[in-house]
Asker: 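Submitted below is the structure of interest, expressed as C-alpha cells.
Order of the sequence lines fixes the chain letters, A, B, ..., with proteins taken first and strands second; residue numbering starts at 1 for each chain.
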Amino acid sequence: METNNQKEPSAAKSLNFIHEIIEDDIRNGKNESRVHTRFPPEPNGYLHIGHAKSICLNFGTALKYGGKCNLRFDDTNPVKEDVEYVDSIKEDVKWLGFEWSGKELYASDYFETIYEYAVILIKKGKAFVCDLPAEEMGKYRGTVNQGGIESPYRNRSVDENLDLFSRMRAGEFADGEKVLRAKIDMASPNMLMRDPILYRILHTDHHRTGNKWCIYPMYDFAHGQCDSIERITHSICTLEFEVHRPLYDWFIKEIGIYAPQQIEFARLNLTYTVMSKRKLLELVKGNYVNGWDDPRMPTICGLRRRGYTPESIRNFADTIGVARRDNIIDVSLLEFCLRDDLNKHASRVMGVLNPLKVVITNYPDGQTEEIDAVNNPEDETAGTRKVPFSKVLYIEQEDFNENPPPKYFRLSPGTEVRLRYAYFITCTGVLRDAVTGEITEVYCTYDPASKGGNSPDGRKVKSTIHWVSAQHAIKAEIRLYDRLFLSENPENATEVEDFKQNLNKDSLKISEGYIEPSVKNAEVLAKFQFERLGYFCVDKDSSAESLVFNRTVSLKDSWTKTNK
RNA sequence: UGUCCGAUGGUGUAAUGGUAACACAUCUGAUUUUGGUUCAGAGGAGUUCAGGUUCGAGCCCUGAUCGGACAACCA
C-alpha cells in the first residue's frame with residue numbers, strides 16, 4: 001500500500017551546503033534555533049520535476065531539523081493565476097508525501113499588511129508615486145552597462161505620495177497610469193536596485209480577493225515580506241533570484257521587520273527534458289498533449305500517470321544533491337530511481353502489446369488450468385496469484401522470430417523456451433496468411449512434465465517469455481508513450497518547435513493488446529515504455545495511481561542493436 | 001564595456017590544509033523462471049589555466065579563461 005505519510009527525518013543523510021548553513025545557525029542560536037522553510041509556487045501552472053527538487057529540499061529540510069514548512073501561493077499577479085493551479089499544486093505536494101504546516105497560505109492573505117508596509121516606506125521618503133509610462137521608465141532605467149537617470153516624479157512630497165497612493169488603491173487611475181516605486185539608487189550596478197516598482201495598477205479580478213484590490217504588489221515587494229510575516233528562517237530559492245537578494249534585504253531593513261535569510265541553489269535541468277512552465281503551457285493550450293497530466297509531460301501529475309512513485313522522486317531529489325553550480329542531470333538517473341523502487345515494490349503481471357497467437361497442439365481442447373504466479377520475485381510477502389492457461393495463447397510478436405539472428409534466445413522454429421510459470425514449449429511450425437504471407441499463428445508442443453516452469457530431467461532453456469491465455473485475457477487498448485520530452489539533442493530541449501515535432505512523430509502509439517485477467521477494473525490500459533526499464537504500467541482508470549509490472553524490453557541488448 | 005555567481009571523471013555530488021570518494025552512465029564476467037534484478041570486476045578525473053602562501057593546496061590569496069544570472073508595470 002502506498003503511503004503518503006511523511007518519512008522520518010533521514011538520519012545523517014548527506015549534508016548539502018544549505019544544511020550546513022542551517023546547522024551553523026542552530027548551533028549559534030539564530031532564530032532561537034528554529035527552522036522554518038516554505039515552498040512558494042505561483043499558481044500559474046502545474047508543478048514539474050524541477051519543482052519536486054525544491055519541494056523535497058524545503059519540506060525535507062524542515063523534517064530533518066524538526067522544523068516546519070509552509071505552502072504559500074505567491075499569488076500577486078492575478079492575470080496569470082487560477083484556482084485550478086492552486087488545487088493541482090496542493091494535490092501534487094501531498095502526493096509527493098509532504099504535509100505543509102497548518103493551512104495553505106497565500107501572499108494575498110497579506111495584501112493589507114503589505115500595503116501598510118508601502119505606506120511606511122512612503123512616510124520615510126523611501127518610496128514615491130511615478131507617472132512615467134512603462135516605455136519611458138525603461139529608458140530611464142539605463143542598461144546593465146550604464147546607470148539610469150532619476151524619474152522627474154522622484155521628489156514628490158510625502159503628502160502628495162500618500163495621497164496619490166491611496167487614490168491608486170481607490171481605483172482613481174487606469175492600468176499603467178501610475179506605479180509606486182522605491183527610492184533607492186538609479187546608478188546602482190544592480191538593475192534591481194534602480195528604483196524598482198513596488199505596486200502596479202491592475203483592474204483585474206483576483207482568484208481569491210476578487211475585486212477588492214486594483215493595485216498589486218510586485219514579487220520583490222511581496223516575497224520577503226511574506227517570509228517575514230510567517231517568520232520563515234531560511235528562504236530557499238533558485239539561483240535566478242540571487243540578484244534580488246540585496247533588494248529582499250533592503251525592504252526588510254527599511255520596513256524594520258523580522259529578517260529571514262534568502263539562500264539560493266541551482267535549479268534542476270534534465271537532459272532531453274523541457275522544464276519551462278511557459279513552454280509546457282503552450283503545449284497544453286495548443287493541444288499538442290492531452291493536458292498537464294499527459295504521461296509525456298515532465299509534470300508531477302504526468303509522472304504519476306506514467307507510473308512514477310513518490311518514493312522514487314524523493315530518492316531522486318536526494319541523490320542529485322544541492323549545489324550552486326549549473327547542472328544538467330542525466331534523465332537516466334531519474335529512471336534508475338524509479339526502476340530501483342519498482343523492482344522492490346511493484347507487483348508483476350503478464351501482458352502482450354502486439355499479440356501473436358500460439359496454439360499448443362498437444363494440449364487438450366477446451367481444457368483450462370490455473371497456474372500459480374509470483375507477484376513480486378523480490379518480495380515474498382506480495383504472495384501469488386492464479387493465471388489461467390489454455391490451448392490458445394498470445395505472446396509478444398517480438399518474442400518470436402522465424403529466422404533468428406545470432407544470440408536471439410526467444411522462440412523460433414525448433415527451439416524450446418519457457419512460458420513463465422507454466423510450461424516449456426517447442427515451436428513446431430507456423431501458419432501463414434494465404435495472401436500476405438505473414439505469420440498468423442505459431443504452433444508449439446508443450447512438455448506436460450515441465451509444469452511450473454521446470455523440467456524434471458533438469459533440462460535448461462535459454463529464455464522465459466510472457467504469455468496470456470487468449471480466451472481469458474482482457475483485451476485492451478494499449479498506449480505506448482515515449483519517455484519525457486525530448487529533443488534529439490540532450491541539451492537542446494529548449495526550442496518549442498523542436499519538441500512539438502517530436503511529439504507529432506511517434507511519441508504516442510496505440511495498439512490492441514491483452515493483459516492477464518488478474519488485472520481487475522481495468523478500463524483504460526496504458527503501457528508506458530520506460531526506456532531501458534521495460535516495465536509497463538496499467539493505468540486502471542486513467543487517474544492511475546496503479547502500476548503493474550511486466551516483461552522486459554531491453555533496448556540495450558545486442559539482439560535489438562543488430563536488428564535496427 | 002558593468003555587477004554578481006560558479007568551475008572536481010561522460011553526468012551529478014563529496015573530500016572543511018594531509019596525496020580525489022560515491023552514485024548514475026559505459027564495458028566485462030557470474031547467477032537468474034523477466035535479455036530485468038542481484039553479485040563480482042574494469043576503464044575513466046590529478047580537480048579550467050597561471051602565479052603565490054604553506055613542510056603540504058581541489059580547498060587559502062592574486063590574475064586570467066570559460067560558463068551562468070541581471071535591463072517584465074512576470075515570478
Asker: Regarding A:Leu132, tell me which of base, sugar-phosphate or nothing describes its non-hydrogen contacts under 4.0 Å with the strands shown.
Answerer: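 Since a base atom lies under 4.0 Å of A:Leu132, the category is base.
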Asker: Looking across every strand, which nucleic acid part, if any, lies under 4.0 Å from A:Glu242 by heavy atom: base, sugar-phosphate, or nothing?
Answerer: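 Touches sugar-phosphate only.
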Asker: Given atom CD of A:Glu264 and atom P of B:rA75, what is their separation to the nearest angstrom?
Answerer: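 Distance, rounded to whole Å: 18 Å.
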Asker: Identify whether the distance between the nearest side-chain nitrogen and carboxylate oxygen of A:Lys344 and A:Asp340 falls below 4.0 Å.
Answerer: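 A salt bridge links A:Lys344 with A:Asp340.
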Asker: Send over the distance from A:Leu239 CG to B:rC5 P, rounded to a whole Å.
Answerer: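 About 11 Å, once rounded to whole Å.
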Asker: Using Watson-Crick or G-U wobble geometry with both distances below 3.5 Å, tell me the partner of B:rU54, or none.
Answerer: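 Matched B:rU54 with nothing under the 3.5 Å cut-off.
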Asker: Out of B:rG35, B:rG36, B:rC24, which nucleotide sits closest to the side chain of A:Arg348?
Answerer: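 For the A:Arg348 side chain, the nearest candidate turns out to be B:rG36.
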Asker: Would you mind classifying the nucleic acid contact of A:Asn190 as base, sugar-phosphate or nothing, using non-hydrogen atoms under 4.0 angstrom?
Answerer: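 It contacts nothing in the nucleic acid.
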Asker: What does A:Pro246 touch in the nucleic acid at a heavy-atom separation under 4.0 angstrom: a base, only the sugar-phosphate, or nothing?
Answerer: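 Contact class for A:Pro246: none.
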Asker: Rounded to whole angstrom, note down the C1' distance from B:rC70 over to B:rC22.
Answerer: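 Pairwise C1' distance, B:rC70 against B:rC22, rounds to 36 Å.
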Asker: With a 3.5 Å limit on both atom pairs, tell me what B:rC22 is paired to, counting Watson-Crick and G-U wobble, or say none.
Answerer: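 B:rG12 - that is the nucleotide pairing with B:rC22, both distances being under 3.5 Å.
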Asker: Closer to the 5' end of RNA chain B via nearest nucleotide, is it A:Asn145 or A:Lys462?
Answerer: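 Of the two residues, A:Asn145 wins.
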Asker: Tell me: CG of A:Asp330 to P of B:rU26, nearest whole Å?
Answerer: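 Between P of B:rU26 and CG of A:Asp330: 9 Å.
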Asker: Could you measure between the two P atoms, the one in B:rC27 and the one in B:rG58, and give it in whole Å?
Answerer: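 Those two atoms are separated by 33 Å.
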Asker: Using Watson-Crick or G-U wobble geometry with both distances below 3.5 Å, tell me the partner of B:rG6, or none.
Answerer: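 In the structure as shown, B:rG6 has B:rC66 as its Watson-Crick or wobble partner.
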Asker: How far, in whole Å, is B:rG52 from B:rA14 if one measures between their C1' atoms?
Answerer: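 It comes out at 27 Å once rounded to the nearest Å.
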Asker: Regarding A:Glu264 and A:Arg245, does a basic nitrogen lie under 4.0 Å from an acidic carboxylate oxygen?
Answerer: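 Salt bridge between A:Glu264 and A:Arg245, a charged N being under 4.0 Å from a carboxylate O: yes.
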Asker: Taking NZ, NE, NH1 and NH2 as the nitrogens, is one of them in A:Lys285 or A:Glu282 under 4.0 Å from a carboxylate oxygen of the other?
Answerer: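 Between A:Glu282 and A:Lys285 there is no salt bridge, as every charged N stays at least 4.0 Å from the carboxylate O atoms.
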Asker: Taking the C1' atom in each of B:rC61 and B:rA75, what is the distance between them to the nearest angstrom?
Answerer: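 Looking at atom C1' only, B:rC61 and B:rA75 are 39 Å apart.
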Asker: Closer than 4.0 Å, any side-chain N/O of A:Arg200 to the OP1 or OP2 of B:rC74?
Answerer: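 Yes, within the criterion.
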Asker: Which of these nucleotides, B:rC73, B:rA14, B:rA15, is closest to any side-chain atom of A:Ala323?
Answerer: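 From the listed options, B:rA14 comes nearest.
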Asker: Toward the 5' end of RNA chain B, which comes first, A:Ile197 or A:Ile328, by nearest nucleotide?
Answerer: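 Nearest-nucleotide comparison on RNA chain B picks A:Ile328.
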Asker: Can you check side chain to side chain donor-acceptor pair (under 3.5 Å) on A:Thr309 and A:Glu311, steps first, answer last?
Answerer: CA-CA 5 Å; A:Thr309 59; A:Glu311 178 73 23; over 6 Å; no
Asker: Within the structure shown, what part of the strands sits under 4.0 Å from A:Ser188 by heavy-atom distance: base, sugar-phosphate, or nothing?
Answerer: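 Here A:Ser188 touches no strand at all.
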Asker: Mind checking the P distance from B:rC60 to B:rC5? Whole angstroms is fine.
Answerer: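 About 14 Å, rounded to a whole number of Å.
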Asker: Contact class for A:His244 (heavy atom, under 4.0 Å): base, sugar-phosphate, or nothing?
Answerer: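 Base contact - A:His244 has a heavy atom under 4.0 Å of at least one base atom.
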Asker: Which whole number of Å gives the distance between the C1' atom of B:rG43 and that of B:rG35?
Answerer: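 The same atom, C1', in both gives a distance of 24 Å.
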Asker: Which listed nucleotide (B:rG12, B:rC73, B:rG35) is nearest to the side chain of A:Ile329?
Answerer: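 Looking only at side-chain atoms, A:Ile329 lies closest to B:rG12.
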Asker: To the side chain of A:Lys80, which of B:rG36, B:rC74, B:rG35 is closest?
Answerer: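 Within the option list, the nearest is B:rC74.
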Asker: Quick one: which of A:Ile425, A:Leu411, A:Val461 gives a side-chain contact (heavy atoms from CB on, under 4.5 Å) with A:Glu416?
Answerer: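 Running side-chain contact (heavy atoms from CB on, under 4.5 Å) over A:Ile425, A:Leu411, A:Val461 with A:Glu416 returns exactly one hit, A:Val461.
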Asker: State yes or no: are the ring centers of A:Phe424 and A:Tyr446 separated by less than 6.0 Å?
Answerer: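 Centroid distance A:Phe424-A:Tyr446: not below 6.0 Å, so no.
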Asker: Once you apply a heavy-atom cut-off of 4.0 Å, does A:Arg418 come out as touching a base, just sugar-phosphate, or nothing?
Answerer: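 A:Arg418: base contact, heavy atoms under 4.0 Å.
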Asker: Is it the case that A:Lys451 places NZ or CZ above or below the six-membered ring of A:Tyr423, under 6.0 angstrom from the centre and within 45 degrees of the axis?
Answerer: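 No - A:Lys451 does not lie over the ring of A:Tyr423 by the 6.0 Å and 45° rule.
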Asker: Taking the P atom in each of B:rG44 and B:rA20, what is the distance between them to the nearest angstrom?
Answerer: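 Each nucleotide's P atom is 15 Å from the other's.
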Asker: Taking atom C1' of B:rC73 as reference, at what distance in whole Å does atom CG of A:Leu180 sit?
Answerer: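 These atoms are roughly 12 Å apart.
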Asker: Categorize A:Asp220 for me: base, sugar-phosphate, or nothing, with a 4.0 angstrom heavy-atom threshold over every strand shown.
Answerer: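 Counting heavy atoms under 4.0 Å across all strands, no contact is made by A:Asp220.
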Asker: Could you tell me how far apart A:Phe316 (CZ) and B:rU13 (P) are, to the nearest whole angstrom?
Answerer: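 It works out to 11 Å between those atoms.
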Asker: Take the protein atom CG of A:Asn269 and the nucleotide atom P of B:rG67, then report the distance between them rounded to whole Å.
Answerer: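 Spelled out: CG on A:Asn269 to P on B:rG67 is 17 Å.
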Asker: Would a line drawn from the ring center of A:Tyr216 to the ring center of A:Phe111 be shorter than 6.0 Å?
Answerer: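 Distance test on ring centres: under 6.0 Å, yes.
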Asker: Distance between the P atoms of B:rC24 and B:rG67, in whole angstroms?
Answerer: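 These two P atoms come out 32 Å apart once rounded.
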Asker: Kindly label the base of B:rG58 as syn or anti, based on whether its glycosidic torsion lies within 90° of 0.
Answerer: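 Because its glycosidic torsion lies more than 90° from 0, B:rG58 adopts the anti conformation.
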Asker: Below the 4.0 Å mark, does B:rA75 have OP1 or OP2 next to a side-chain nitrogen or oxygen of A:Arg72?
Answerer: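 Answer no for this pair, as no side-chain N or O of A:Arg72 is under 4.0 Å from OP1 or OP2.
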Asker: In whole Å, what is the span from the CZ atom of A:Arg410 to the C1' atom of B:rU34?
Answerer: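 Rounded to the whole Å, the gap is 11 Å.
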Asker: Searching all strands shown, indicate the nucleotide that pairs with B:rG46 (Watson-Crick or G-U wobble; both distances under 3.5 Å).
Answerer: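 Across all strands, not a single nucleotide pairs with B:rG46.
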Asker: Can we call the ring centroids of A:Tyr46 and A:His51 under 6.0 Å apart?
Answerer: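 Ring centres of A:His51 and A:Tyr46 not closer than 6.0 Å.
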Asker: Taking atom C1' of B:rC4 as reference, at what distance in whole Å does atom CZ of A:Arg325 sit?
Answerer: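 Result: 19 Å.
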Asker: For A:Tyr216, which contact category applies under a 4.0 Å heavy-atom criterion: base, sugar-phosphate, or nothing?
Answerer: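 No contact.
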Asker: Does A:Arg141 have a side-chain nitrogen or oxygen under 4.0 Å from the phosphate oxygens OP1 or OP2 of B:rC70?
Answerer: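 So the side-chain polar atoms of A:Arg141 never come under 4.0 Å of the phosphate oxygens OP1 or OP2 of B:rC70.
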Asker: Checking contacts here: which listed nucleotide (B:rG36, B:rG35, B:rC24) is nearest the side-chain heavy atoms of A:Leu333?
Answerer: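 Closest of the options to the side chain of A:Leu333: B:rC24.
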Asker: Does a side-chain N or O of A:Ser332 approach OP1 or OP2 of B:rU11 to a distance below 4.0 Å, or not?
Answerer: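 No.
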